[in-house]
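Can you keep this structure in mind? I'll have questions shortly.
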Amino acid sequence: MGAKMFLFALVLSALLFPLDSSSNDGLIRIPLKKMKVDQNNRLAARLESKEGDILRAFFRKYNFHGKHGDSQDTDIVALKNYMDAQYFGEIGIGTPPQKFTVIFDTGSSNLWVPSSKCYFSIPCFFHSKYKSSQSSTYKKNGEPAAIQYGSGAISGFFSDDNVKVGDLVVKDQEFIEATREPSVTFLVAKFDGILGLGFQEISVGSAVPVWYNMVKQGLVKDPVFSFWLNRNAKDEQGGEIVFGGVDPNHFRGEITYVPVTQKGYWQFDMGDVLIDGKATGYCKSGCSAIADSGTSLLAGPSTIITTINQAIGASGVASEQCKAVIQQYGQTIMDLLLAEAHPKKICSQVGVCTFDGTHGVSMGIESVVDEKAGRSAGLHDGMCSACEMAVIWMENQLRQNQTQDSILNYVNELCERLPSPLGESAVDCGKLSSMPTVSFTIGGKVFDLSPNEYILKVGEDDKAQCISGFIGLDIPPPRGPLWILGDIFMGRYHTVFDYGKTRVGFAEAA
């Protein structure tokens with residue numbers, strides 16, 4: 001899995017400013033505040049990762065098995081501890097309101113908080129717990145609920161009660177009372193629960209999300225909410241979530257809108273990715289992306305993420321499988337490309353993958369054994385993936401009329417840059433000024449990220465360590481490939497979630 005200390009050191013915690021959501025423009029504002037890195041959170045993340053729980057949770061959240069909206073494949077929690085969920089807000093549940101600190105997460109759709117009936121999970125004793133007996137508006141539901149992650153699940157049951165967000169009171173809201181939180185990560189987490197802002201299509205138990213009820217009950221001026229995330233580490237204020245519209249003070253210029261292409265996550269079509277102004281060609285036929293406030297980094301297919309990390313000088317974990325493929329099959333792959341063979345069939349032609357009619361799949365009994373043992377990748381899985389990446393890399397270099405020797409050297413260097421899924425890709429903090437701009441095309445407009453925006457700095461002065469904000473995430477069809485534009489992107493670009501017109505908008509944050 002590789003070393004993880006740098007990446008997990010990025011797990012930040014936050015508390016809320018005292019709420020002052022009243023305004024005369026009809027907008028409901030939820031201010032946010034940051035806190036410094038919590039050493040306990042680092043420890044919890046490392047303990048959790050020893051069993052690979054967080055990685056498996058990362059896969060489940062984005063439906064790696066193609067099951068859309070299935071509660072058994074929908075994870076919310078472990079990803080939050082892994083991916084720097086630093087933007088928190090305070091809500092109240094019940095009458096009178098019982099206060100809870102929650103993550104406002106556009107990548108999930110349920111509201112859950114710990115229950116007073118959580119007796120046997122130690123983490124529950126360190127967080128606020130909902131007490132139904134103390135609320136005059138509580139209504140019994142009792143339907144069981146479970147959200148899977150890693151080696152266990154957050155489980156409990158549904159209840160109905162009023163939920164206060166800012167000055168708004170959402171009546172008869174269905175939410176999950178969690179009675180089991182088995183993860184050590186929850187023991188030290190600064191949040192109590194999660195308030196999902198995704199579509200109902202991915203809601204566990206098909207529960208109506210809080211946001212839907214805000215709109216249905218006429219509590220907001222417009223069916224729109226927006227995120228302003230303050231990425232200035234020195235500022236006290238962490239940002240602001242605005243319900244009911246858009247605050248013009250949070251952005252500059254025009255908002256570029258793109259339609260939601262698939263309800264569930266806030267998913268849209270994205271154009272090509274550029275490095276230093278030059279198109280990579282990876283998304284020339286289009287890619288799918290989601291805007292996810294619950295993810296701090298920017299995730300994408302390993303092939304192009306590795307190319308980006310190579311371009312910015314990030315040193316990842318070397319992949320022996322990748323180098324073995326190049327050594328054994330590199331020249332053959334090159335010859336087949338020059339002979340204009342079908343790129344997707346090349347890895348099956350050289351015997352590393354089989355071809356299922358659309359793309360290469362793993363060969364060999366190892367992957368079958370690994371699946372039965374509960375592991376998702378075996379020897380041939382890695383070899384097949386490495387081969388498919390090599391084909392894309394070589395094809396891109398051939399289009400640029402590079403020589404065969406330089407192409408093989410380049411691909412070998414990319415192999416060296418391959419990070420493990422949870423491993424860090426570190427860069428030299430002294431070289432930020434010479435790193436290229438990385439850009440994403442959305443709605444026909446190019447959105448730039450500078451090195452200061454895509455590099456995460458941990459520590460101060462000589463002890464500072466700089467980490468690439470790009471991480472590989474390979475989601476197979478039909479759900480993938482999928483890019484996750486997390487807080488790194490949403491920090492630079494004010495993000496508008498237009499529920500009424502089913503679209504997402506981006507503008508330069510002010």
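Note that the structure is predicted; figures quoted are calculated from it, not measured.
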Is there side-chain contact between Leu414 and Asn309, with at least one heavy-atom pair below 4.5 Å? no

According to ring pair (Phe, Tyr, Trp, His ring centres under 6.0 Å), who are the partners of Tyr212, at least two apart in sequence or on a separate chain? Tyr499

Any chance NZ of Lys221 has more than 12 other-residue heavy atoms, nucleotides or ligands included, within less than 6.0 Å? yes

Is the centre of the Phe440 ring less than 6.0 Å from the centre of the Phe447 ring? no

State the CH2-SG distance between Trp483 and Cys283, to the nearest 0.5 angstrom.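 Answer rounded to 0.5 Å: 6.0 Å.
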
I want to check something: taking the side chain as every heavy atom from C-beta on, are Asn213 and Glu174 in contact at a cut-off of under 4.5 Å? no

Tell me every residue that passes salt bridge (Lys or Arg N to Asp or Glu O under 4.0 Å) with Asp160, counting only those two or more places apart in sequence or in another chain.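 Asp160 satisfies salt bridge (Lys or Arg N to Asp or Glu O under 4.0 Å) with no residue once adjacent residues are dropped.
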
Under 4.5 Å between any side-chain heavy atoms of Asn396 and Tyr282, yes or no?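 No; the side chains remain at least 4.5 Å from each other.
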
Is a side-chain N or O of Ser302 found less than 3.5 angstrom from the main chain of Asp474, in a donor-acceptor match? no

What is the distance from atom CG of Asn162 to atom CZ of Phe175, rounded to the nearest 0.5 Å?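 Going from CG on Asn162 over to CZ on Phe175, the span is 10.0 Å.
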
Taking the side chain as every heavy atom from C-beta outward, state whether Arg492 and Tyr454 have any atom pair closer than 4.5 Å. no

Could you measure the distance from the CG atom of Leu449 to the CG atom of Leu274? Nearest 0.5 Å is fine. 11.5 Å

Side chains of Ile312 and Pro451: does their closest heavy-atom pair fall under 4.5 Å? no

Heavy atoms from other residues, nucleotides or ligands near CD of Gln400 exceed 12 (cutoff 6.0 Å):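 More than 12 within 6.0 Å, yes.
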
Inter-residue atom distance Ile407.CD1 - Leu337.CG, 0.5 Å rounding: 8.5 Å

Mind checking the CG-CZ spacing from Leu168 to Phe243? Nearest 0.5 Å is all I need.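 If we round to the nearest 0.5 Å, Leu168:CG and Phe243:CZ are 8.5 Å apart.
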
Let me see the working for Leu197 and Trp211 under side chain to side chain contact (heavy atoms under 4.5 Å, CB included), right down to the final yes or no. CA-CA 6 Å; Leu197 291 168; Trp211 168 247; 4.0 Å; yes

Side-chain heavy-atom pair Ile93, Phe100 within 4.5 angstrom cut-off: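 Counting from C-beta outward, Ile93 and Phe100 do come under 4.5 Å.
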
Val102 versus Ile194: any side-chain heavy-atom pair under 4.5 Å?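 They are not in side-chain contact.
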
Between Cys384 and Cys347, is the SG-SG gap under 2.5 Å? no

So, Thr437 and Asp448: side-chain donor and acceptor under 3.5 Å apart, yes or no? no

Side chains of Val273 and Thr307 in contact at under 4.5 Å (non-hydrogen atoms):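 Answer no - side chains too far apart.
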
Verify whether one side chain among Gln200 and Ser203 offers a donor that lies under 3.5 Å from an acceptor in the other.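 There is no such pair (donor and acceptor under 3.5 Å, judged by atom type) between the side chains of Gln200 and Ser203.
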
Ignoring hydrogens and geometry, is there a side-chain-to-backbone donor-acceptor pair from Glu177 to Ser159 under 3.5 Å?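 Not confirmed, Glu177 side chain does not pair with Ser159 backbone.
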
Please report whether the SG atoms of Cys415 and Cys322 are separated by less than 2.5 angstrom. yes

Could you work out, with ring pair (Phe, Tyr, Trp, His ring centres under 6.0 Å) as the rule, every residue matching Phe489, not counting sequence neighbours? Tyr493, Phe506

Hey, is the main chain of Asn110 close enough, under 3.5 Å, to the side chain of Ser108 for a donor-acceptor pair?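 Not confirmed, Ser108 side chain does not pair with Asn110 backbone.
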
Quick one: list whatever passes salt bridge (Lys or Arg N to Asp or Glu O under 4.0 Å) with Asp247, sequence neighbours left out. Arg29

Run the salt bridge (Lys or Arg N to Asp or Glu O under 4.0 Å) test against Glu413 and tell me which residues pass, sequence neighbours left out. Arg417

Would the distance check show the side chain of Arg503 and the main-chain N or O of Phe497 forming a donor-acceptor pair, the cut-off being under 3.5 Å? no

Starting at CD1 of Ile392, measure out to CD of Gln397 and round the result to the nearest 0.5 Å.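 One gets 13.0 Å once the value is rounded to the nearest 0.5 Å.
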
Backbone N or O of Leu195 within a donor-acceptor pair of the Asp105 side chain at under 3.5 Å?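 No; judged by distance alone, with no hydrogens or angles, the pair does not exist.
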
For Phe199, ring pair (Phe, Tyr, Trp, His ring centres under 6.0 Å) partners two or more places apart: Trp266

